[in-house]
Amino acid sequence: RMTTSKAPNSAGVKQKSNVPLSAVIQPLAPNPGGYPDVPTVNFSSVGSVMRCKRCRTYINPFVIWGSNGRSWVCNLCGASTETPNAYYAQLDENNHRTDRYERAELSQGVVEYIASGEYMVRPPQPPVYLFVVEVSYTAVSSGMLRCAAATLLHTLDRLPGGERTQIGLITYDSSLHFYNLAAASPTMLTVAEVDEVFLPLPEDLLVNVHERKEQLVALFEKLGAMHQDNQAVEVALGPALKAGYQLIQHIGGKMHVFNATRPSVGEAKLRNREGDQRRDAKGPSLLQPDVDFYKTLAVDCTKQQVSVDLWNLSGAYADLATLGQLVKHTTGHVHWYPGFSDAVMGEKFSRDLQWNLTRDQGWEAVMRVRASRGFNISAFHGHFFIRGTDLLALPNIDEDTSFAVEIGHEESESANQACCLQAALLYTTSGGERRIRVHTMQVPITNALTTLFEAADVDACANLMARIAAEQALNSRLLDGAEKLQHACMELMRAYRSLCPPQAKGTNQMLLPESLKLLPLYVLGLMKSSVFTPAPEVRADEHSAVLYALANMSASMSTALIHPRLFQVFPAAAAIGALPAPLPLTAQGLLSTGDRKSTRLNSSHQ
């Protein structure tokens with residue numbers, strides 16, 4: 001999703017307009033209702049997937065055909081590539097292939113190729129789920145352990161991957177607990193020494209779900225009872241993470257870490273920074289990590305195709321700024337449930353966990369984004385680890401994960417008529433197939449500033465601006481992020497105002513193009529939200545959790561975060577099951593007489 005459907009022809013035009021040139025990419029996004037699935041293309045009959053011989057761009061609907069179909073010119077770099085005989089087709093009077101509507105790669109902007117052996121360095125990885133669960137007194141008394149175990153038991157039959165899926169479990173308090181799942185009845189092995197982590201049974205701690213389902217069911221059914229009398233309040237999260245890494249590093253997979261207490265024992269224990277630092281906007285930032293252990297481990301995990309999701313259910317300060325480094329560099333997510341209580345938040349936690357485990361996802365993935373000649377990818381935003389200069393390493397990617405890229409100019413002025421962007425994601429499906437999902441988009445180039453403003457996408461612009469401001473806040477202070485966000489919005493408004501006629505400038509009205517009229521509202525909403533407000537009632541962990549979440553959000557989701565949606569839920573006159581229409585988010589839209597039954601409206605913050 002581009003921030004503008006017209007690209008500036010030079011860096012000067014872009015700078016004058018202050019309209020960002022960027023794209024928000026959600027590679028595995030679910031299809032909207034009514035749209036067909038992403039078409040699958042198999043080039044086995046041709047020999048290999050059709051790509052440009054110079055820049056390795058995948059063939060797409062925007063390439064130019066020549067020599068009556070015997071060659072094609074890459075729309076990104078301009079190189080000419082011969083057409084294999086097995087792929088040849090004649091051209092019509094408009095120099096279009098006569099079979100273009102019969103081939104998805106020539107008629108649709110999103111296709112998925114079956115990858116050949118050249119795209120594999122090893123056999124496709126099976127889905128591997130490792131659950132690292134805290135079992136301290138806090139985790140048990142809050143209901144976290146019971147709820148997590150019940151959800152995992154309920155979801156066992158719905159995990160993707162079929163007979164290939166593997167599962168492992170490690171629990172921890174001040175000691176580490178491993179579970180022998182290869183025996184007829186699962187048994188727990190306790191390792192009290194956490195300074196030198198080792199696996200007591202390396203071969204039997206990770207098992208195939210299909211082959212050991214009976215043992216897994218038995219374990220999840222009695223897991224809560226096994227630790228119900230636990231009085232330990234200290235937790236050794238760092239050693240537990242190292243043990244989990246050792247267990248699955250040979251194969252890769254997804255590590256789900258459930259945490260209810262700030263790490264206090266063993267390597268990587270964390271101090272209560274919230275209590276000994278000032279929380280005002282000008283004070284030291286609690287948004288920066290306190291130790292390097294979690295980032296270092298995350299980098300090691302990425303190299304071995306291990307991704308980490310953090311489920312934090314702590315009632316006290318947890319230092320998510322530091323713990324979140326685990327997910328930032330492994331394409332994971334932070335899930336935060338402050339002051340978790342099973343009775344109050346159990347259903348939401350259970351539903352979120354079920355969705356996380358069963359949604360569409362890819363394994364051992366890499367992604368590269370290419371831009372047409374005269375343009376380049378100048379910056380990346382999201383959760384990933386960069387290999388080289390432009391290859392994003394993504395150990396695990398799901399349908400909710402998105403990235404943003406900024407596009408820069410390589411030349412003083414582009415001679416092309418269009419700007420093309422192509423994102424190629426190479427990944428392994430849960431079913432064990434190696435696939436390449438390719439998104440290609442082309443927009444016309446213009447030198448007219450008014451055209452750029454008219455073509456802007458306010459949701460995509462707000463998403464990019466929020467990501468950049470969030471990174472600024474994480475790297476320094478909240479105030480710096482908020483100021484960067486405000487400055488970007490004001491410069492864009494100032495640029496548009498300079499184009500308006502003199503009679504319009506003389507008014508006190510805010511001048512903005514129709515496409516961006518909501519941008520000041522979104523920016524103000526973001527600055528007043530828990531993302532950037534320095535108000536003392538917003539805890540440091542809340543700031544960190546929302547900032548990490550924002551780095552992964554699609555344009556539509558970030559808009560819902562910035563500007564919550566208001567729905568009418570009473571009276572019951574609306575059709576049951578029908579989605580109520582959203583209402584204006586204003587005080588005038590609220591009706592309440594004090595009687596709970598008379599409350600007319602409710603807000604939904606997605």
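FYI, the numbering just counts along the sequence from 1. Remember, predicted model here, so these are calculated numbers, not experimental data.
Summarising the geometry, atom CE belonging to M557 is positioned 11.0 Å from atom CG belonging to L550; distances are rounded to the nearest 0.5 Å. Note: I167 CD1 to L159 CG = 5.0 Å, rounded to the nearest 0.5 Å. One distance of note links CZ of R437 with CD1 of I397; it measures 9.5 Å at 0.5 Å rounding. Atom CG of residue N42 and atom CD1 of residue I114 lie 5.5 Å apart, to the nearest 0.5 angstrom. Note: L526 CG to L485 CG = 5.0 Å, rounded to the nearest 0.5 Å. Rounding to the nearest 0.5 Å places CZ of F62 at 6.0 Å from SG of C420.
Nearest heavy-atom pair across T302 and H329 is OG1-O, 2.6 Å. The heavy-atom pair separating M120 from A115 by the smallest distance is CE-O, 4.0 Å. Scanning all heavy atoms of the two residues, the minimum distance from H543 to S530 falls at ND1-O, 2.9 Å. Scanning all heavy atoms of the two residues, the minimum distance from T428 to P124 falls at CG2-CB, 3.7 Å. Of all heavy-atom pairs spanning Y87 and I59, the tightest one is CE2-CD1, 3.9 Å. Across V19 and L492, no two heavy atoms sit closer than the pair CA-CD1, 4.1 Å.
Between N312 and L320, some side-chain heavy-atom pair lies under the 4.5 Å cut-off. Side-chain contact between P289 and K295 is absent, with no heavy atoms from C-beta onward closer than 4.5 Å. Looking at M493 and L512, their side chains come closer than 4.5 Å, going by heavy atoms from C-beta outward. K16 has its side chain out of reach of V13: every pair of non-hydrogen atoms, C-beta onward, lies at least 4.5 Å apart. The shortest distance between side-chain heavy atoms of R370 and R56 falls below 4.5 Å. Taking 4.5 Å as the limit, every side-chain heavy atom of S107 sits out of range of all side-chain heavy atoms of P61. Between F43 and S48, the closest side-chain pair of non-hydrogen atoms is not below 4.5 Å. Looking only at side-chain heavy atoms (C-beta outward), M255 and L241 come within less than 4.5 Å of each other.
Atom CG of D99 sits in a crowded spot, with more than 12 heavy atoms from other residues, nucleotides or ligands closer than 6.0 Å. Atom CD of E491 sits in a crowded spot, with more than 12 heavy atoms from other residues, nucleotides or ligands closer than 6.0 Å. The environment of CD in E82 is sparse: at most 12 heavy-atom neighbours from other residues, nucleotides or ligands sit within 6.0 Å.
A donor-acceptor pair under 3.5 Å is formed between the side chain of T165 and the backbone N or O of P160. Side chain of N60 to backbone of Y58: a donor-acceptor contact under 3.5 angstrom is found. Side-chain atoms of S17 come within 3.5 Å of backbone N or O of K14 as a donor-acceptor pair. Of the possible donor and acceptor atoms, one in the side chain of T3 sits under 3.5 Å from a partner among the backbone N and O of S22. With hydrogens and angles disregarded, a donor-acceptor distance shorter than 3.5 Å links the side chain of N552 to the backbone of G332. Looking at Q288, its side chain does come within 3.5 Å of a backbone N or O of S476 through a donor-acceptor pair. Although no hydrogens or angles enter the test, the distance criterion places a donor-acceptor pair under 3.5 Å between the side chain of H409 and the main chain of P8. One N or O on the side chain of N463 and one on the backbone of S554 form a donor-acceptor pair closer than 3.5 Å. A distance-only check finds a donor-acceptor pair linking the side chain of T330 to the backbone of V308 [under 3.5 Å]. A donor-acceptor pair under 3.5 Å is formed between the side chain of S515 and the backbone N or O of F453.
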Would you sort out whether Y548 and H383 count as a side chain to side chain contact (heavy atoms under 4.5 Å, CB included), showing the intermediate values?
CA-CA 9 Å; Y548 281 127; H383 288 175; 3.9 Å; yes

Could you walk me through whether Y88 and W65 satisfy the ring-ring contact (aromatic ring centres under 6.0 Å, His included) test, starting with their C-alpha distance in whole Å, then the side-chain angles of each, then the deciding distance to 0.1 Å, before giving a yes or no?
CA-CA 11 Å; Y88 170 74; W65 296 90; 9.1 Å; no

Step-by-step side chain to side chain contact (heavy atoms under 4.5 Å, CB included) determination, L297 to L326:
CA-CA 7 Å; L297 179 62; L326 284 169; 4.0 Å; yes

Set out, in order, the CA-CA distance, both residues' side-chain angles and the distance that settles side chain to side chain contact (heavy atoms under 4.5 Å, CB included) for L310 and Y294, then state yes or no.
CA-CA 12 Å; L310 177 65; Y294 297 94; over 6 Å; no

What's the verdict on side chain to side chain contact (heavy atoms under 4.5 Å, CB included) for V38 and N31, showing C-alpha distance, side-chain angles and the deciding distance?
CA-CA 8 Å; V38 174; N31 293 325; 4.1 Å; yes

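If you check the side chains of W355 and D400, you find a donor sitting under 3.5 Å from an acceptor. With no hydrogens or angles considered, a side-chain donor-acceptor pair links S402 and R467 at under 3.5 Å. Between the side chains of R1 and Q26, no donor-acceptor pair of N or O atoms lies under 3.5 Å. A side-chain N or O of H333 and one of D398 form a donor-acceptor pair less than 3.5 Å apart. Q422 and T440 share a donor-acceptor pair across their side chains, judged by distance under 3.5 Å alone.
The stretch residues 113-128 participates, sequence neighbours left out, in these side chain to side chain donor-acceptor pair (under 3.5 Å) pairs: R51-Y119, S116-E118, R122-Q125, R122-E364.
Residues E112 and R435 are paired through a salt bridge, judged by an N-O separation under 4.0 Å between the basic side chain and the carboxylate.
Every residue meeting the salt bridge (charged side-chain N to carboxylate O under 4.0 Å, His left out) condition with R351, not counting sequence neighbours, appears here in chain and number order: E347.
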